[in-house]
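Taking it in order: structure first as structure tokens, then the write-up.
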Amino acid sequence: MPKNKKPAGGRAQNFEPRYGKKTSYQDAKRRPGQSSAGTPGSKSPSHRGYRPESDEAPRKNRWSAQERAGRDEARGIRSQARDVRGPRDDRAPRDDRRSDAAGGRRPYEAQPRGDRRTFGDARPSYRDDRPRRDFSDRPNRDDRPRRDDRPARSFDDRPRRDDRPARSFDDRPRRDFGDRPNRDDRPRRDFGDRPARDDRPRRDFGDRPARDDRPARSFDDRPRRDFGHRPNRDDRPRRDDRPRRNDGPSRSNWAAETAAKAHQDHVDTVHERLQAEAVDAASVAQASFGDLGLGENIVRQLEALGAASPFPIQAATIPPILEGKDVLARGRTGSGKTIAFGAPLVESILRSQAGKRREFGRSPKALILAPTRELALQIDRTVQAIARSVGLFTTQIYGGVPQARQVGALKKGVDIIIGTPGRIEDLQNQGKLDLSEVQIVVLDEADHMSELGFLEPMQRILRLVQDGAQKLLFSATLDREVAALVDEFLVEPAVYEVAGESQDTSTIDHRVLVLDHRDKAEILNSLVDRDGKTLVFSRTRAYAEMLAEQFEDVGIPAVALHGDLNQAKRTRNLQRLTDGKVRVLVATDVAARGIHVDDIDLVVQADAPDEYKTYLHRSGRTGRAGRTGTVVTLVTRQRRRRMTEMLERAEIDAPFEDVRPGDDLLEEISGRQLSNVDA
DNA sequence: AAAAAAC
């Protein structure tokens, strides 16, 4: 494990910020349809709204870190080190807590479960241990005491909706492109006018001919392939200086791929650049965050977050980002990408604001975009902590929650916006968000943000930002798919990746179970009936929901995470897994990318993914920061061939094993992790 | 084809 030099600082991304004093503001969670709204929990165990008295006190912890952070943000409250649980020290103790709360491992049958969950929001019934769950939706009740201090906020913002001008996509700016012939040949066209071109060696637009042959963009081919034929070779001179390169296994793989699939075009260029820089990353691995150019406060905060010294991807990207370059970076899952862009972003904004007053109502100077709300929340947890260490403010702008709080924060003035495309565009169109002063834009999961449904919104947003703004694109699977954005918005981007990050050096153990469809349910039950945290992926929302119910039916506490749930439930269910209140989360691909939960040691793909990139991202929910983890993919016999091909594209070696209910193999997989006693 | 992202 070359790049995991400091697994110690490992979970840098999962720390929780210190929360300021909590306020009782909870309108975001209260739902109109909530039946018990306003009344205290029932004293009767049989009542749907039952809430044991003993829950009262501890209940406060129910608020998720992000909710609290968001609330504080809105109220402009400074954090006060009142952490109930330290940033990352909560991990160890949490396990213990878990076993208590969950009652330890129990066989399916053993689980006493009250009435079947009624589906609405509350499926409290079966979990004796967690009655308050239902209340989650209505936070108010519980913490009500606080209400006193703080007037409850009601959806005052709601009304605005009306005044809100409808968003019409028609007026989109991109029209300009009309003149560009490019779409087809798109990439180079732009560069033609751009001066950058000249100095920019890696762009091999010249050879682009490849494009032609490759009319359809296939996502299948991974990006790296490209490197093989990349013309860049020219700039390669650097390689000499950096020895690492050679060792980088990834390189050779790419070369091989390239040879096999030389049809790729411009993207290749980008990638090539990556390799070259990768060497650098390694060479600077010994540098400290301070050496890389970050200020004292930020360095101290990073340390508090568990990031004592920079990971390779961080060492590689921080300097160029501080220099103001546009950067493309690829670092495999769990390699510390959030800090890689978050820390230098804060440092840069800080420098640009040096000597200036923090004015009320100032427009945001940086924008960080993510594909899902959960990821946006998670990124904010890291970036907000860093930003606040130097007096800068962040706010989350994403959908599914009332706008009021977000708009309120914007009115006061924030420095960094972290959010999802839809709401950002929405508020911008309403005139409540001014992006004209944005100096740095980050696209996390950039390749995903360049896919069909995301590309146009991203283009519209980027066009609202001043031309000179710095652009940073990050992803574990960065490939040519980002070309559409790179070509239009980036100038001479530097590309980075960490050498040696091949799947061979991964800490993830991959296996494929071949089964009969009729045995699937039973086999899944066996796999998730374990002590460690398990993340199960399904292809559809309906199946995710169904599986969660199925697991609960056999006594295995489980929650679901997918787009059919309201944001409160999504946030809460993910938090439950993070807290360890449940050890099984069944999710759609909404949780495939970026989400970091410590200690997920088993990822089960109830439905095999269709794309190798999806496979890599889902797998990446485990084995983070050098930890070990297992990924099990269930396939029927008919799908073996497809699965084999996909694994090849992902460059993953995984044994295929036939399995039937009751096989020891299942126990081995499910029990092997963690403190298993059966072993 | 599904999922995600605004209301």
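Letters A, B, ... mirror the listed sequences (proteins, then strands); counts begin at 1.
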Separation of [X] atom [atom1] from [N] atom [atom2], in whole Å?
X	N	atom1	atom2	result
A:Arg460	B:dA5	CZ	C1'	11 Å
A:Glu451	B:dA1	CD	P	17 Å
A:Leu561	B:dA3	CG	P	13 Å
A:His448	B:dA3	NE2	C1'	7 Å
A:Phe454	B:dA2	CZ	C1'	13 Å
A:Glu611	B:dA1	CD	C1'	11 Å
A:Arg539	B:dA4	CZ	C1'	15 Å

Counting C-beta onward and ignoring hydrogens, is there a side-chain heavy-atom pair between A:Thr614 and A:Asp610 closer than 4.5 Å?
no

Under the ring pair (Phe, Tyr, Trp, His ring centres under 6.0 Å) test, residues paired with A:Tyr615 that sit two or more places apart:
A:His510

Interface with DNA chain B, restricted to residues 364-373 of chain A and to heavy atoms under 4.0 Å:
A:Pro371, A:Thr372, A:Arg373

Heavy atoms within less than 4.0 Å of DNA chain B: which residues of residues 586-594 of chain A have one? Give them sorted by number.
A:Thr588, A:Val590

Once salt bridge (Lys or Arg N to Asp or Glu O under 4.0 Å) is applied, do any residues pair with A:Asp519, and if so which ones, sequence neighbours excluded?
none

Among residues at least two apart in sequence or on other chains, which ones pass salt bridge (Lys or Arg N to Asp or Glu O under 4.0 Å) with A:Arg541?
A:Asp564

Of all residues at least two apart in sequence or in a different chain, which pass the side-chain hydrogen bond (donor to acceptor under 3.5 Å, both in side chains) check with A:Glu645?
none

Should A:Arg541 be listed as having a side-chain N or O under 4.0 Å from OP1 or OP2 of B:dA4?
yes

I need the A:Lys365 NZ to A:Leu435 CG distance, nearest 0.5 Å.
11.5 Å

Is there a donor-acceptor pair closer than 3.5 Å between any side-chain N or O of A:Arg621 and the backbone N or O of A:His617?
yes

Base, sugar-phosphate or nothing for A:Gly563? Non-hydrogen atoms, less than 4.0 Å.
sugar-phosphate

Begin from the C-alpha positions of A:Ile508 and A:Thr630 and carry the test side chain to side chain contact (heavy atoms under 4.5 Å, CB included) through to its verdict.
CA-CA 6 Å; A:Ile508 302 173; A:Thr630 299; over 6 Å; no

Counting side-chain heavy atoms from C-beta on, which of B:dA1, B:dA3, B:dA4 comes nearest to A:Asp610?
B:dA1

